[in-house]
Student: 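Attaching a single structure in structure tokens format; questions to follow.
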Amino acid sequence: MTTPLLETRNLTITFGGVIAANDVSLKIEAGRNLAIIGPNGAGKTTFLNICTGWIKPRKGQVLFQGEDVTALPPRKIVQRGVARAFQIPQLFTEHTALENLLIAAAARDGMRNPLIDLHDTPARDEMLHLLEMVNCADVAHRLVVELSEGQRKLIDIAVALALKPRLLLMDEPTSGVASSEKDGIMEILITALAEAKVTSVFVEHDMGIVQKYADEVAVWNAGNVQLRGAPAEILEHPDVIRDVIGEVA
Amino acid sequence: MSSVSTAPKTDAPKHPKSMLWIVGVVLLAAVPFAVPSLQLLVTFALAKGLAVVGVTVLLRAGQVSFGHALFFGIAAYACAFLMAAIPGADLALLLLVGTLGALLAGLCVGLFVVRYRGIFFGMLNLAFSMIFWSILEKFYHITGGADGIRLPRPTVLGMALERGPFELILYYLAIVLMVVLGWVTIRWFASPVGQIFQTIKTNETRLEYLGVSPRRALLSGYLLSALLCGVGGVLMGVAQGAVTPEYVWWVRSAEMVFIAVLGGAGSVRGAFLGALIYEIVRTYASAYAGDIWQMLLGAFLLIIILFAPGGLIGIFGSLAGRAVKEDAK
Ligand SMILES: Nc1ncnc2c1ncn2[C@@H]1O[C@H](COP(=O)(O)OP(=O)(O)OP(=O)(O)O)[C@@H](O)[C@H]1O
Ligand SMILES: [Mg+2]
């Protein structure tokens with residue numbers, strides 16, 4: 001058997017009395033798109049936080065490509081090939097959309113030359129292309145603080161993609177994006193991920209999106225994986241209809 | 001969509017404003033002949049201006065240091081000690097040693113303070129400068145205590161000069177350093193490293209998730225700021241011919257922050273403009289207005305903060321009929 005791209009073993013963490021991760025063991029194989037669904041407060045974001053080293057679990061391990069990364073800070077895990085887009089976009093608000101991407105590319109490429117202009121770095125065209133991909137080319141030169149929530153979420157994803165990760169973690173990628181645009185964006189995103197051979201994990205509340213774009217679904221409940229399987233099968237499951245879909249609707 | 005590839009390149013509209021700056025530098029260069037009485041004052045102002053640029057660098061990352069006179073003072077004392085050890089040492093050597101001293105101190109202090117932000121960052125810098133200040137005061141058999149140490153005139157490229165020509169050379173050296181280091185700093189701001197440094201101000205979480213250590217990013221700018229203060233300190237020490245603990249006194253640090261805000265927080269050109277105006281006002285106001293000059297400056301700063309947050313450079317920019325933020329971008 002091949003090593004999973006990401007594996008967690010018995011992740012456990014509590015906040016006060018809340019058990020946000022309760023013995024989570026999960027393997028994520030390379031090349032697939034895994035959707036995470038579950039009610040509010042189930043621990044989905046917490047799982048991403050632990051996988052990227054932002055929060056240290058009280059118990060358990062995170063392995064990326066077989067290497068134990070549990071004790072590493074986020075930047076070291078990022079350097080190994082994990083990128084993240086956030087539930088609340090994390091951008092440089094005093095920079096333009098394009099500059100956010102150029103900075104990401106500079107970080108990726110380890111640009112050290114102090115006399116070259118950020119705008120003249122070789123990744124410029126590549127980054128413009130990424131912006132186009134997420135439908136934000138028209139706002140490339142606007143400060144992100146001026147943009148809509150949906151646009152900021154998409155730029156946040158583009159920033160993560162700019163790092164050319166092996167694994168991309170996205171927390172509700174299309175929340176805040178106009179529903180008319182959601183499908184188009186996901187279509188392009190999933191195609192691009194497949195082309196670049198990027199594995200993705202995305203938390204999603206929109207079951208239509210899950211149905212269409214996930215290869216697999218994991219259902220979170222009370223800090224653990226309750227069910228896992230193919231979208232068709234999971235979305236029909238009575239427990240899921242009761243606990244997750246019922247709640248969202 | 002098509003507008004994207006034809007990105008607004010900012011080079012073109014910059015020229016008229018650059019011309020103004022060139023005129024400014026030329027005017028400064030004429031001072032020793034046109035208004036010789038201002039020569040020393042301008043030398044002091046430019047030395048301070050370099051240190052203010054150091055403080056300005058940190059402002060770009062949203063951090064305020066209330067202790068940067070430390071690096072100013074360390075560089076000046078390094079020069080004084082060097083002159084004591086090697087009488088007749090050269091100005092070039094002083095510049096090198098003083099700057100390296102400030103850089104080394106910047107590394108030691110920086111490694112520690114980059115763990116903190118905001119008020120803690122500011123106060124820790126202050127604490128370090130006060131520790132150094134008390135060392136200077138207490139170990140008077142080495143440091144000369146409150147009286148400080150003399151900093152005899154160094155040779156210039158091997159030539160021993162009289163006071164007049166020496167001060168003239170120092171004056172032009174200050175202008176050259178202003179132009180060169182100012183240019184380097186502005187370029188650095190626009191460079192990938194400098195841009196990464198400035199993101200400390202808005203989102204360290206994202207920075208960490210780009211695989212970059214925010215502390216390291218902050219340290220890069222901290223070292224630049226220490227270097228700039230160091231160069232300023234060497235110039236000031238050599239121009240005054242003596243160094244005293246007053247160089248690292250907290251009021252000096254506060255003055256740097258004051259001038260940085262006055263000139264236009266975050267602007268390199270504003271730092272020099274602010275330093276020039278500050279020195280002139282200070283000198284003439286204290287001569288003609290006695291003790292109330294500080295009150296006048298305080299009131300002036302208040303007005304700037306309330307009505308012209310872009311600082312002198314912002315006012316200057318609008319007077320010149322140009323957008324404020326060109327330099328600041
Ligand atoms: N840093 C923290 N400190 C304290 N409590 C936390 C922290 N992070 C998460 N929690 C708590 O842990 C539980 C799980 O939160 P989490 O954000 O992981 O849920 P989620 O599944 O992402 O929910 P949502 O769908 O609303 O985003 C919640 O009760 C939350 O309040
Ligand atoms: Mg969440």
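Values in this document were obtained by computation on a predicted structure and should not be read as measured data. Just so it is clear: chains get the letters A, B, ... in the order the sequence lines come, proteins before strands, and each one is counted from 1.
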Student: Of all of Thr93(A), Ile116(A), Asp109(A), Asn100(A), which one pairs up most often with chain B through heavy atoms under 4.5 Å apart?
Tutor: Ile116(A)
Student: Does any backbone or side-chain atom of Thr121(A) lie under 4.5 Å from a heavy atom of chain B? Answer side chain, backbone, both or neither.
Tutor: side chain
Student: Chain B heavy atoms under 4.5 Å from Pro165(A): which part of the residue, side chain, backbone, both or neither?
Tutor: neither
Student: State which residue, out of Leu5(A), Val69(A), Leu48(A), Ile77(A), fulfils the side-chain contact (heavy atoms from CB on, under 4.5 Å) condition with Val82(A).
Tutor: Ile77(A)
Student: So, Ser225(B) and His68(B): side-chain donor and acceptor under 3.5 Å apart, yes or no?
Tutor: yes
Student: For Asp156(A), which atoms come within 4.5 Å of any heavy atom of chain B: side chain, backbone, both, or neither?
Tutor: both
Student: For residues Tyr213(A) and Phe202(A), establish whether the separation of their ring centroids is below 6.0 Å.
Tutor: no
Student: Can the ring centres of Phe71(B) and Tyr222(B) be said to be less than 6.0 Å apart?
Tutor: yes
Student: Under the 3.5 angstrom rule, does the side chain of Lys153(A) hit a backbone N or O of Glu172(A) as a donor-acceptor pair?
Tutor: yes
Student: Looking at Val193(B), Leu207(B), Ile196(B), Leu210(B), which one has more heavy-atom pairs under 4.5 Å with chain A than the rest?
Tutor: Leu210(B)
Student: Below 4.5 Å, heavy-atom pairs only: which of Ala104(A), Pro74(A), Gly53(A), Ala162(A) has the largest tally toward chain B?
Tutor: Pro74(A)
Student: Given a strict heavy-atom distance threshold of 4.5 Å, which part of Leu163(A) is in contact with chain B: side chain, backbone, both, or neither?
Tutor: side chain
Student: Step by step, would you call Glu204(A) with Lys182(A) a salt bridge (charged side-chain N to carboxylate O under 4.0 Å, His left out)?
Tutor: CA-CA 12 Å; Glu204(A) 187 56 76; Lys182(A) 274 191 185 185; 5.1 Å; no
